[in-house]
Amino acid sequence: MTIRLYDTSARQIRDFTPLTPGHVSIYLCGATVQAAPHIGHIRSGLNFDIMRRWFEYRGYDVTFIRNVTDIDDKIITKAADQGRPWWSIGYENERAFNSGYQALGCLPPTYEPRATGHVTEMVEMMRGLIERGHAYEADGSVYFDVRSFPGYLSLSNQDIDDLRQPAEEGITGKRDPRDFAMWKATKPGEPDWETPWGRGRPGWHLECSAMAHKYLGSAFDIHGGGLDLIFPHHENEIAQAKAFGDDFASYWVHNAWVTMSGEKMSKSLGNSVLVSEMVKNWRPIVLRYYLGTPHYRSMIEYSEESLREAESAFARIEGFVQRVTEKAGKTVPPATEVPPAFADAMDDDLGVPQALAIIHTTVRQGNAALAADDKDDAIARLAEVRAMLGVLGLDPLDPHWAEETDRGEELHGVVDTLVRLVLQQRESARERKDWTTADAIRDQLTQSGLSIEDSPDGPRWTLGTR
């Protein structure tokens with residue numbers, strides 16, 4: 001068994017070899033809490049949640065760090081615009097992110113450090129970089145000298161002479177316009193902290209280098225994040241950490257975006273879909289299926305139609321789980337191992353689409369067993385399905401989704417009573433051979449979003465597509 005991952009730095013899929021046998025250390029660039037999350041934000045956390053679950057299934061002990069950037073330019077600007085403390089905006093949105101992660105079934109990280117809690121570590125790193133000649137102080141700010149680090153831009157494969165200075169940083173005190181700020185000198189009305197070079201606040205890139213070092217040491221296995229972070233954020237993290245003396249990450253794994261009309265989902269473009277609103281209209285487990293089942297390196301083009309397709313596909317899986325559970329008269333536990341074809345797909349760069357195909361094939365086999373009244377085979381297929389769904393965080397019988405199920409139980413009971421009354425009318429029409437009325441009743445139920453199945457035990461209904 002060898003797990004293989006696409007490593008952005010190597011530009012190829014590589015066999016995964018952990019630094020410490022049996023242990024995996026992962027650092028994921030988490031939320032910048034300047035606003036509530038849209039589904040594009042949550043996709044990253046969800047993709048790495050699936051990675052973590054697969055490593056754990058394969059027997060690894062996983063340390064998973066997902067940071068919170070709770071101080072940056074946008075948070076400060078919003079605080080000024082709204083007349084609120086900067087920390088209140090950050091905390092409000094941090095809670096919104098955590099609610100989104102929890103709603104979609106993401107396991108909590110091992111540690112979730114906030115940037116503002118690690119200024120001491122940042123000062124230590126800046127001091128070391130200045131001593132080694134990789135950074136310098138100018139007008140109360142501290143800049144990283146990019147030309148002092150020969151490996152700069154190797155992750156994004158760019159030429160340093162083609163870089164342009166970020167417009168928002170200005171060039172005051174810089175030796176080279178391409179140098180980036182690790183520490184920004186204090187400005188009136190902005191939050192600041194004391195350092196040997198004067199009061200100020202951290203730069204975004206420094207935060208992650210310092211926190212990764214704090215929680216994972218000088219070397220760790222996997223650094224993750226969205227494609228948009230490769231440059232400048234991850235390039236600058238690498239430069240700081242390695243110039244400081246760290247080996248830093250062995251593998252770089254990046255997830256693709258959720259797009260709308262071909263553009264990256266972004267609040268600045270006004271095309272975001274907030275998680276808090278989405279969960280009002282769609283079941284969270286369906287949203288997880290929608291965001292988590294495409295390959296993590298594939299773009300997801302958002303549309304209501306594709307969400308409805310995901311809802312329908314998951315309903316087929318969930319319906320099978322419910323039917324076999326009913327037939328068994330008890331909850332069937334997951335199998336101890338997933339099918340070999342599923343494992344092969346997941347080992348190959350987390351091939352969730354191929355793994356999902358195995359789930360749907362097993363569901364079809366289970367439905368065939370039900371149709372043949374082969375209870376034992378249907379139960380065996382359900383055990384396999386539950387094991388596979390568990391790896392993806394999609395098992396509808398998992399305790400996490402119990403609350404969602406419980407909320408629907410009372411409504412389900414009411415609907416069941418009403419539908420059975422209508423079905424009794426349909427059965428009466430069929431008995432008197434009034435096929436027109438019987439078919440009309442069935443069609444009306446189908447148009448209402450219900451799927452009617454005639455079985456030897458009588459008609460049964462399930463939720464169909466929207």
Side-chain angles (χ1 to χ4, degrees), residues 5-6 8 13 28-32 35-54 66 96-97 99-107 224-230 233-234 252-318 345-346 348-360 388-389 391-394 465-466:
L5 295 172
Y6 184 86
T8 304
I13 295 177
L28 173 63
C29 284
T32 298
H38 55 61
I39 58 173
H41 291 130
I42 296 298
R43 182 192 182 185
S44 179
L46 202 160
N47 286 153
F48 284 91
D49 181 67
I50 292 172
M51 173 191 283
R52 174 198 186 165
R53 288 170 182 265
W54 183 243
R66 186 183 67 211
F97 267 89
S99 293
Y101 291 133
Q102 183 178 13
L104 269 64
C106 294
L107 300 172
L227 283 174
D228 52 321
L229 299 183
I230 294 175
H233 186 49
H234 288 166
W252 287 85
V253 179
H254 292 92
N255 64 277
W257 304 328
V258 179
T259 61
M260 291 182 70
S261 302
E263 294 186 85
K264 174 178 173 284
M265 190 168 284
S266 165
K267 291 184 178 65
S268 62
L269 294 175
N271 61 1
S272 60
V273 182
L274 295 181
V275 176
S276 58
E277 294 302 312
M278 293 292 286
V279 296
K280 294 176 183 176
N281 300 312
W282 301 88
R283 294 172 60 203
I285 197 169
V286 170
L287 287 176
R288 184 178 177 101
Y289 184 97
Y290 173 66
L291 294 171
T293 52
H295 195 274
Y296 74 91
R297 290 193 286 122
S298 299
M299 297 293 181
I300 298 175
E301 174 66 14
Y302 172 79
S303 71
E304 291 260 338
E305 180 182 359
S306 59
L307 251 172
R308 284 193 293 271
E309 290 172 357
E311 181 181 52
S312 177
F314 183 72
R316 290 194 293 273
I317 297 172
E318 190 174 34
M346 293 298 292
D348 187 12
D349 195 30
L350 303 177
V352 175
Q354 294 78 13
L356 189 65
I358 305 301
I359 293 176
H360 281 288
M388 293 185 282
L389 290 176
V391 167
L392 302 181
L394 286 169
T465 59
R466 291 182 176 227

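Sequence positions, counted from 1, serve as the residue numbers for this chain.
Taking CD of Glu311 as the start and CZ of Arg316 as the end, the distance is 11.5 Å to the nearest 0.5 Å. Taking CH2 from Trp257 and OG from Ser298, the interatomic distance works out to 14.0 Å, rounded to the nearest 0.5 Å. Summarising the geometry, atom CE belonging to Met346 is positioned 12.0 Å from atom CD1 belonging to Ile358; distances are rounded to the nearest 0.5 Å. Of the inter-residue distances, the one linking Leu5 atom CG with Met51 atom CE reads 5.0 Å to the nearest 0.5 angstrom. Separation of atoms OG1 (Thr259) and CE (Met265) is listed at 7.5 Å; rounding is to 0.5 Å. Between Phe314 atom CZ and Leu356 atom CG the span is 10.5 Å, to the nearest 0.5 Å.
Residues Met278 and Leu307 meet the side-chain proximity criterion, which asks for heavy atoms closer than 4.5 Å. Taking the side chain as every heavy atom from C-beta outward, Asn47 and Leu291 never approach each other to under 4.5 Å. Contact check for Ile39 versus Ile300: no side-chain heavy atoms found under the 4.5 Å cut-off. Between Arg52 and Arg66, the closest side-chain pair of non-hydrogen atoms is not below 4.5 Å. In this structure, Asp348 and Gln354 have side chains that are not in contact, with every pair of non-hydrogen atoms separated by 4.5 Å or more. At least one side-chain heavy atom of Val253 sits under 4.5 Å from a side-chain heavy atom of Phe48.
When all heavy atoms of Ala103 and Pro284 are compared, the pair lying nearest together is O-CB, 3.2 Å. A pairwise comparison of heavy atoms in Leu229 and Cys29 identifies CD1-CB, 3.6 Å as the closest pair. When all heavy atoms of Gly226 and Ser44 are compared, the pair lying nearest together is N-OG, 4.4 Å. Scanning both residues, Pro294 and Pro353, for their nearest heavy atoms gives C-CG, 4.0 Å. Here the closest heavy-atom approach between residue Tyr289 and residue Leu394 is recorded as N-CD2, 3.7 Å.
Residues forming a ring-ring contact (aromatic ring centres under 6.0 Å, His included) with His254 (at least two apart in sequence, or on another chain): His234. Applying the ring-ring contact (aromatic ring centres under 6.0 Å, His included) criterion to Tyr302, with sequence neighbours excluded, gives no partner residue.
Considering Val352, Asp349, Leu46 in turn, Asp349 is the only one that fulfils the side-chain contact (heavy atoms from CB on, under 4.5 Å) rule with Tyr296.
Surrounding CD of Gln102 are at most 12 heavy atoms belonging to other residues, nucleotides or ligands under 6.0 Å away.
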Pair Met299-Leu227, side chain to side chain contact (heavy atoms under 4.5 Å, CB included): steps then yes or no: CA-CA 10 Å; Met299 297 293 181; Leu227 283 174; 3.9 Å; yes
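The closest donor-acceptor contact from the side chain of His41 to the backbone of His38 lies under 3.5 Å.
Within the structure, salt bridge (Lys or Arg N to Asp or Glu O under 4.0 Å) contacts touching residues 35-50 (residues at least two apart or in different chains) are Asp49-Arg53, Asp49-Arg288.
Salt bridge annotation for Glu277-Lys280: present, with a cationic side-chain nitrogen under 4.0 angstrom from a carboxylate oxygen.
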